[in-house]
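Note that the coordinates shown come from a computational prediction; the quantities given were computed from them, not determined experimentally.
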Amino acid sequence: MDKGTRDTTKLYAVLRLKKDASPEDIKKAYKRLALINHPDKNPANLEVFKEIKHAYEILSDPKKRSIYDRYGEWGVTMSESVGGPLFDPEVESKVGGIFFLSSLMTILFIIFFSFLSQRIDNLIDWRYLLIFIPLWILDLILLAPLVQTLRTTFKERAKSQSQGTQVDDINDPESGENMTSQQFATVFLIIGIIFFVLLLLISFQVLIVLKIDNVIEISAGVVFIPLFIPEALNFLRLLVQQIIAFKTVGSMSFLEALASLFNNFWLQLLRLAQEILLILKIDHALDDVSWGIIFIPTYLLGVKYFISLVLAWFKLKQMPEGDERTANKALLLLMFSLYFLIGVLGYTFLGLLIKKLEYSDSIKMAVVFIPIFLVLAFLLCCCGCCFPCCCFLAMNTDLGDEVVSQAATAWAPPDRQITLGSAGERNSNNTITSYDSASPLSPNPI
């Protein structure tokens, strides 16, 4: 496929401008050329007038112009399709940053579990402080944007106060728009909560390292304190919500009240029970109890989700035939597939871990971590390989041209579809058809 299929200068040439033309230059050029070639004055120049108008519609729109400068006219067409946001340069850079950070975080997890398995199997004798270095780096990656956001928010507030601006006029650091005092408080509260939870997780990691490196003598209960703090706060939040719900509903039967309590607190109670059992086992208070029994709350978690999916299936059977039932059925089948996949990997890991804990020499820790490595490898493939490769094919190869052409045909309305070639012309239905120089009689779509 000719590289001219993604010409980013043609529309500028139509308006007789350079690519660095200002918006004012574009407007002036359009008015001048439109006046000369208007059908009322020159009926023979109707097609030329359409080209001029089409070029102005794209180049006068800052967003469309930025897409055209990067991808050409087919990019503008694709920007109006379902996958349009991916062709926005700003969105593209953000998506690229997200996938880069996701790949980096996944690599850090892989390195951490590799070091941890080697250390537990006594293949290396490093201190756990060194083993946890990938997690320390990961913590910094997560904390850095939060700190920067908090810093920007406080600067905006200080700037508004120094200028005598009311709190309602504080600028949003992300969008540049004004925030009300309530929005400012909400943003600050959300960022503060996330920052606080991350600090607790870091504290939990530090306490683990201090305990297993025998730096200080502390019990497992002390190590788990950073996890109990958010659990307690979340419990209070759920309790307040439950009390408000009881007062709002008014009279409620015992079974209804019990069901409401179960729906709100079952997950939290299972987590709490699992943490307590782990603490007692690690501190040798339950030496006579096998590790298989210790993980009963985790088994119950899987059972609860399976029962929920089965009940949802029976509820689906009672729905009348229609598009809504078809969509819900597809979603439920997807949920069953995810449950099966996660269940197989999760409980395989749990079974191998129990065997390792019960009989330490019977299995290597690297084998126990195989399900985790499989998940991380899949995530790394998606974040660091599949998505960039698809983008590369779409942007740089002939195969990408065929894929984009099929996508444009499927997503874009017929009157908005554009096919470009080395030399193009606009037909009566306002689409551009081009002809390849090697085969001038056959259309050459993207």
Side-chain angles (χ1 to χ4, degrees), residues 135 138-139 142 146 186 189-208 211 218-250 252-283 285-286 289-312 315 332 335-336 338-343 345-347 349-351 353-354 357 371-372 375:
L135 289 188
L138 183 62
D139 294 333
L142 294 176
L146 289 176
T186 302
L189 179 62
I190 292 174
I191 296 176
I193 291 175
I194 297 175
F195 186 78
F196 177 67
V197 171
L198 282 176
L199 288 180
L200 289 175
L201 290 176
I202 294 173
S203 301
F204 178 62
Q205 298 167 15
V206 171
L207 290 173
I208 289 177
K211 179 174 176 61
I218 54 176
S219 65
V222 176
V223 174
F224 275 80
I225 286 178
L227 296 185
F228 285 131
I229 293 176
E231 290 285 1
L233 295 176
N234 189 39
F235 178 81
L236 291 176
R237 179 185 64 85
L238 294 174
L239 184 61
V240 171
Q241 289 181 352
Q242 190 64 57
I243 293 174
I244 295 174
F246 283 154
K247 290 183 177 180
T248 303
V249 174
M252 184 183 296
S253 65
F254 175 75
L255 291 179
E256 290 175 342
L258 189 62
S260 179
L261 288 172
F262 176 77
N263 289 331
N264 281 320
F265 293 100
W266 71 269
L267 182 58
Q268 180 129 5
L269 291 175
L270 283 180
R271 286 201 306 263
L272 181 62
Q274 185 64 84
E275 291 168 0
I276 292 175
L277 287 174
L278 286 174
I279 290 171
L280 294 176
K281 182 66 174 178
I282 293 173
D283 285 341
L286 297 176
V289 179
S290 67
W291 281 100
I293 296 177
I294 295 297
F295 286 103
I296 284 180
T298 303
Y299 310 149
L300 295 177
L301 180 65
V303 173
K304 170 61 173 62
Y305 282 119
F306 179 75
I307 293 175
S308 298
L309 289 174
V310 172
L311 293 177
K315 186 177 180 180
L332 195 55
M335 296 298 293
F336 267 111
L338 290 176
Y339 175 84
F340 177 77
L341 179 62
I342 296 174
L345 293 173
Y347 286 105
F349 167 72
L350 190 59
L353 179 61
I354 291 173
L357 293 172
I372 295 180
V375 174

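With values rounded to the nearest 0.5 angstrom, Leu350 atom CG is found 9.5 Å from Leu357 atom CG. The structure places CG of Leu227 at 9.5 Å from CG of Leu207, a figure rounded to the nearest 0.5 Å. For the atom pair Leu142 CG and Ile202 CD1, the distance stands at 8.0 Å (nearest 0.5 Å). A distance of 5.0 Å separates CG of Leu309 from CZ of Phe336, quoted to the nearest 0.5 Å. Rounded to the nearest 0.5 Å, atoms CG (Leu198) and CD1 (Ile193) are 12.0 Å apart. Expressed to the nearest 0.5 Å, how far CD1 of Ile296 lies from CG of Leu301 amounts to 14.0 Å.
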Run the numbers on Phe235 and Leu272 for side-chain contact (heavy atoms from CB on, under 4.5 Å), then give the verdict. CA-CA 10 Å; Phe235 178 81; Leu272 181 62; over 6 Å; no
Mind running side-chain contact (heavy atoms from CB on, under 4.5 Å) on Phe224 and Ile208 for me, showing each step along the way? CA-CA 9 Å; Phe224 275 80; Ile208 289 177; over 6 Å; no
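Between Lys211 and Ile218, the shortest heavy-atom contact is NZ-O, 2.8 Å. Residue Leu200 comes nearest to Pro230 through the heavy atom pair CD1-CD, 3.5 Å, listed as atom of the first residue, atom of the second, then distance. Nearest heavy atoms, Asp283 versus Gly221: OD2-N, 3.7 Å. The shortest heavy-atom contact between Leu238 and Asn264 is CD1-O, 3.4 Å. When all heavy atoms of Tyr347 and Thr298 are compared, the closest pair comes out as OH-O, 2.9 Å. Nearest heavy atom pair, residue Gln274 against residue Ile294, reads NE2-O, 3.0 Å.
Using the six-membered ring where Trp is involved, Tyr305 and Trp266 have ring planes that are perpendicular, over 60° apart on the 30 and 60° scheme.
Looking at Tyr299 and Leu270, their side chains never come closer than 4.5 Å, going by heavy atoms from C-beta outward. Considering only heavy atoms from C-beta on, Leu286 stays 4.5 Å or farther from Trp291 through its side chain. In this structure the side chain of Phe295 reaches within 4.5 angstrom of the side chain of Leu353, judged on heavy atoms. Annotation: side chain of Phe228 is in contact with side chain of Ile279 (closest heavy-atom distance under 4.5 Å). Using a 4.5 Å heavy-atom threshold, the side chains of Val222 and Ser219 count as touching. By the 4.5 Å heavy-atom criterion applied to side chains, Leu201 and Asp139 are not counted as neighbours.
Partner of Phe204 under the side-chain contact (heavy atoms from CB on, under 4.5 Å) criterion, chosen from Val223, Ile229, Leu199: Val223.
Contacts classified as salt bridge (charged side-chain N to carboxylate O under 4.0 Å, His left out) and involving residues 229-246 (residues at least two apart or in different chains) are given here: Glu231-Arg271.
The closest side-chain donor-acceptor pair between Asn234 and Gln268 falls under 3.5 angstrom.
No more than 12 heavy atoms of other residues, nucleotides or ligands sit less than 6.0 Å from atom CZ of Phe306.
A donor-acceptor distance shorter than 3.5 angstrom exists from the side chain of Tyr339 to the backbone of Gly302, with no hydrogens or angles considered. Between the side chain of Ser308 and the backbone N or O of Lys304 there is at least one donor-acceptor pair closer than 3.5 Å.
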